[in-house]
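To keep things clear, I will list the structure first and then write my remarks on it.
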Amino acid sequence: MSTHTERNLGLSIMRATEAAALVAGRWAGRGDLLAADLWAARAMQKVLNSVDMNGLIVIGEEPRHAEHSLLTTGTTIGDGLGPQMDVVVDAVEGVRLLGEGLPDAVSVVALAPRGAMRSLAPSAYMEKLVVSAEAAAAIGPEALTAPPLWTLGVVARAMRKSVEDLTILVLKRPRHEALIEEIRSAGARVLLRPEGDVVGALLAAMPGNGVDLLMGTGGTTEGVVAACAVKAIGGAIFGRLNPQSEDERREILEAGLDTKKVFSSDELVSSDDVFFAATGITDGLLLRGVHYHGNGATTNSLVLRGKSGVRRQVYTDHPPDQNPRGELTTQ
């Protein structure tokens, strides 16, 4: 099979994120995280299997969602006739946000030529640092392991700001209490979010969103997704596996992975020929969510292509027959 990707597959995978978002949006605020994720994954899988590609999911969500994962590591996806592609997906990124009706739940898919994405299974958690292109040239892998005060100083100088002008997005987790205190002690502002570090990475990588860095530990799958998006935008991401249990640590070591190594953007995704699509499920800082009405629904998506650097914001009207209602059951 070919690895030639002249066709813009970004628009094709956008149909999959739209399908997942249209289903998932019906579960906003309903509190049933399992059903929301399951039905969204089914909708995404159906559309992805119609895309003209020979896809392979290089890292799925089974380390954290083993009981109901559909789009798992090693699953083939696509119609099998197009280019060979690595695939990473998250049908509902921010499922707790969705369950509580909170902002910035999204559906995401990323592609790269076969062999380009680093397979980090069975790792579930990764420590990350994301900055925009403005600061990317000033930092290297050491920025992830250095004291936060040093990293903030380097980034601030590169962005021609003071440290006090920086806003750092961090997930609100007990594991980040020391990090949050160090950032605040340095004088920078902290933007705490309950979930959603793919959106956080995009906000940090895209200038003008009021976020200067993303720091802290989140999902490994989300880290690879974010690496594709950040490469397409032109920012930088550094990541290091950060197991949150002894079982996860043992599985990582048995897989031959190094928990001390800091991966750069190019090491996480070695090709610039990446595609990324995200569709909003709930309204947020990055995208509008799904809005339902009597004549159908509207969605808002972001589509990126690394090779061309093109960034699209897409608003789509979906007729009633593409506005699913029947999935509101776990039967």
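The analysis underlying the following values was restricted to heavy atoms, covering all of them including side chains, and did not include hydrogens, waters or symmetry mates.
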Checklist line | Gap separating the CG atom of Asn242 from the CG atom of Leu144, nearest 0.5 angstrom | finding: 9.5 Å
Note to self: Keeping Asn54 on the side-chain end and Leu81 on the backbone end, is there a donor-acceptor pair under 3.5 Å?
What the structure shows: no
Next item on the list: Report the distance from atom OG of Ser119 to atom CG of Asp86, rounding to the nearest 0.5 Å.
Entry: 8.5 Å
Checklist line | Phe263 and Leu120, any side-chain heavy atoms less than 4.5 Å apart | finding: yes
Next item on the list: List for me each residue that meets salt bridge (Lys or Arg N to Asp or Glu O under 4.0 Å) alongside Arg189, sequence neighbours excluded, and say none if there are none.
Entry: none
Notebook entry, point to check: Do His318 and Thr298 get their side chains close enough for a donor-acceptor pair, meaning under 3.5 Å?
Noted result: no
Check: Just wondering, do Val47 and Ser50 contact through their side chains at under 4.5 Å, heavy atoms?
Finding: yes
Item checked: Cation-aromatic face contact Arg26/Tyr292, 6.0 Å, 45 degrees -> yes
Notebook entry, point to check: Considering residues, nucleotides and ligands other than Leu149, do more than 12 of their heavy atoms fall under 6.0 Å from its CG?
Noted result: no
Margin query: For Tyr125, is there any backbone N or O sitting under 3.5 Å from a side-chain donor or acceptor partner on Glu248?
Written below: yes
Margin query: Holding to side chain to side chain contact (heavy atoms under 4.5 Å, CB included), I want the full list of residues that pass it with Ala40, two or more places apart in sequence or in another chain.
Written below: Ala20, Ala24, Ala91, Val92
Note to self: Tell me every residue that passes side chain to side chain contact (heavy atoms under 4.5 Å, CB included) with Ala135, counting only those two or more places apart in sequence or in another chain.
What the structure shows: Val131, Val155, Ala158, Met159
Note to self: Checking the side chain of His176 only, and the main-chain atoms of Leu171 only, is there a donor and an acceptor separated by less than 3.5 Å?
What the structure shows: yes
Next item on the list: Take Met117 and Ser270 through the side-chain contact (heavy atoms from CB on, under 4.5 Å) test and state the conclusion after the steps.
Entry: CA-CA 7 Å; Met117 287 187 192; Ser270 61; over 6 Å; no
Notebook entry, point to check: Looking only at atom types and distance, does a side-chain atom of Asp52 sit under 3.5 Å from a main-chain N or O of Gly82, one as donor and one as acceptor?
Noted result: yes
Notebook entry, point to check: Taking only residues at least two apart or on different chains, which pairs with a member in residues 164-187 satisfy salt bridge (Lys or Arg N to Asp or Glu O under 4.0 Å)?
Noted result: none
Next item on the list: Mind checking side chain to side chain contact (heavy atoms under 4.5 Å, CB included) for Gln313 and listing every partner two or more places apart, or none if nothing turns up?
Entry: Leu287, Asn300, Leu302, Tyr315
Next item on the list: With sequence neighbours excluded, tell me which residues meet salt bridge (Lys or Arg N to Asp or Glu O under 4.0 Å) with Asp79.
Entry: none
Check: Do any pairs count as a side chain to side chain donor-acceptor pair (under 3.5 Å) and have a residue in residues 276-288, sequence neighbours left out, and if so which ones?
Finding: Thr17-Thr279, Thr279-Ser301, Asp283-His291, Arg288-His291
Next item on the list: Measure across Leu33 and Gly99 and return the closest heavy-atom pair with its distance rounded to 0.1 Å.
Entry: CD2-CA, 3.7 Å
Item checked: Side-chain touch Leu179/Pro148, heavy atoms, less than 4.5 angstrom -> yes
Check: How many angstroms lie between atom CE of Met53 and atom CZ of Arg114, to the nearest 0.5 angstrom?
Finding: 9.5 Å
Notebook entry, point to check: Is the number of heavy atoms from other residues, nucleotides or ligands under 6.0 Å of Lys261 NZ greater than 12?
Noted result: yes
Margin query: Between Asn49 and Gly78 (side chain of the first, backbone of the second, donor and acceptor by atom type, cut-off under 3.5 Å), is there such a pair?
Written below: yes
Notebook entry, point to check: Do NZ/NE/NH1/NH2 and the carboxylate oxygens of Asp272 and Lys307 come within less than 4.0 Å?
Noted result: no
Next item on the list: State, yes or no, whether a side-chain contact exists between Val58 and Thr73 at a heavy-atom distance under 4.5 Å.
Entry: no
Next item on the list: State, to 0.1 Å, how close Ala156 and Leu166 come at their nearest heavy-atom pair, and which atoms those are.
Entry: CB-CD1, 3.9 Å
Next item on the list: Not counting sequence neighbours, which residues clear salt bridge (Lys or Arg N to Asp or Glu O under 4.0 Å) with Asp258? List them please.
Entry: none
Next item on the list: For the residue pair Leu102 and Arg96, establish whether any side-chain heavy-atom pair is separated by less than 4.5 Å.
Entry: no
Notebook entry, point to check: Looking at Val269 and Cys228, what are the two nearest heavy atoms and their distance?
Noted result: CG2-SG, 3.7 Å
Checklist line | Polar side-chain atom of Glu195 near backbone of Arg193 as donor-acceptor pair, under 3.5 Å | finding: no
Notebook entry, point to check: Do Glu93 and Ser107 meet the criterion of a side-chain donor-acceptor pair at a distance under 3.5 Å?
Noted result: no
Item checked: Heavy-atom side-chain contact between Val108 and Phe276 under 4.5 Å -> yes
Note to self: Would a single hydrophobic cluster contain both Val225 and Leu241, if residues Ile, Leu, Val, Met, Phe, Trp and Tyr are joined by side-chain heavy-atom contacts under 4.5 Å?
What the structure shows: yes
Next item on the list: Please lay out, stage by stage, how Leu152 and Ile168 fare under the test side-chain contact (heavy atoms from CB on, under 4.5 Å).
Entry: CA-CA 9 Å; Leu152 297 178; Ile168 320 303; 3.6 Å; yes
Checklist line | Sub-4.5 Å side-chain heavy-atom contact between Leu286 and Asp104 | finding: yes
Residues 205-216 side chain polar contacts: donor-acceptor under 3.5 Å, at least two apart:
from   : atom 1 : to     : atom 2 : distance (Å)
Asn209 : ND2    : Met206 : O      : 2.7
Asp212 : OD1    : Lys161 : NZ     : 2.7
Asp212 : OD2    : Thr167 : N      : 2.8

Notebook entry, point to check: Considering all heavy atoms of both residues, which atom of Ala146 and which atom of Thr151 are nearest to each other, and what is their separation?
Noted result: CB-OG1, 4.0 Å
Checklist line | Rounded distance [0.5 Å steps], OG in Ser123 versus CD in Gln244 | finding: 9.5 Å
Note to self: I'd like to know whether Val170 forms a side-chain contact (heavy atoms from CB on, under 4.5 Å) with Leu191, so could you lay out the CA-CA distance, the side-chain angles of the two residues, the decisive distance to 0.1 Å, and finally the verdict.
What the structure shows: CA-CA 6 Å; Val170 182; Leu191 176 58; over 6 Å; no
Item checked: Within residues 125-143 or reaching into it, pairs that qualify as salt bridge (Lys or Arg N to Asp or Glu O under 4.0 Å) - sequence neighbours excluded -> Glu127-Arg240, Lys128-Asp197
Item checked: Residue pair Ala136 / Gly235: nearest heavy atoms and the distance that separates them -> CB-C, 4.2 Å
Next item on the list: Please report the closest heavy-atom contact between Ala232 and Leu304, naming both atoms and the distance.
Entry: CB-CB, 3.8 Å
Next item on the list: Drop me the distance from Ile59's CD1 to Glu222's CD, to the nearest 0.5 angstrom.
Entry: 9.0 Å
Notebook entry, point to check: Run the side-chain contact (heavy atoms from CB on, under 4.5 Å) check on Leu202 and Ile233 step by step: do they pass?
Noted result: CA-CA 9 Å; Leu202 285 162; Ile233 294 168; 3.5 Å; yes
Next item on the list: Measure the OG-CG distance between Ser271 and Asp266 for me, rounded to the nearest 0.5 Å.
Entry: 9.5 Å
Note to self: Just to verify, which of Ile77, Leu71, Asp90, Ile13 counts as forming a side chain to side chain contact (heavy atoms under 4.5 Å, CB included) with Val109?
What the structure shows: Ile13
Check: Can you pull the salt bridge (Lys or Arg N to Asp or Glu O under 4.0 Å) pairs that have at least one residue in residues 143-152, sequence neighbours excluded?
Finding: none
Checklist line | Thr72 vs Ile57 side-chain heavy atoms within contact, under 4.5 Å | finding: no
Margin query: Using a 3.5 Å distance criterion without hydrogens, assess whether the side chain of Gln45 forms a donor-acceptor pair with backbone atoms of Ala41.
Written below: no
Note to self: Using the side chain to side chain contact (heavy atoms under 4.5 Å, CB included) criterion, which residues pair with Ser265? Sequence neighbours excluded.
What the structure shows: Lys231, Ala236, Ile237
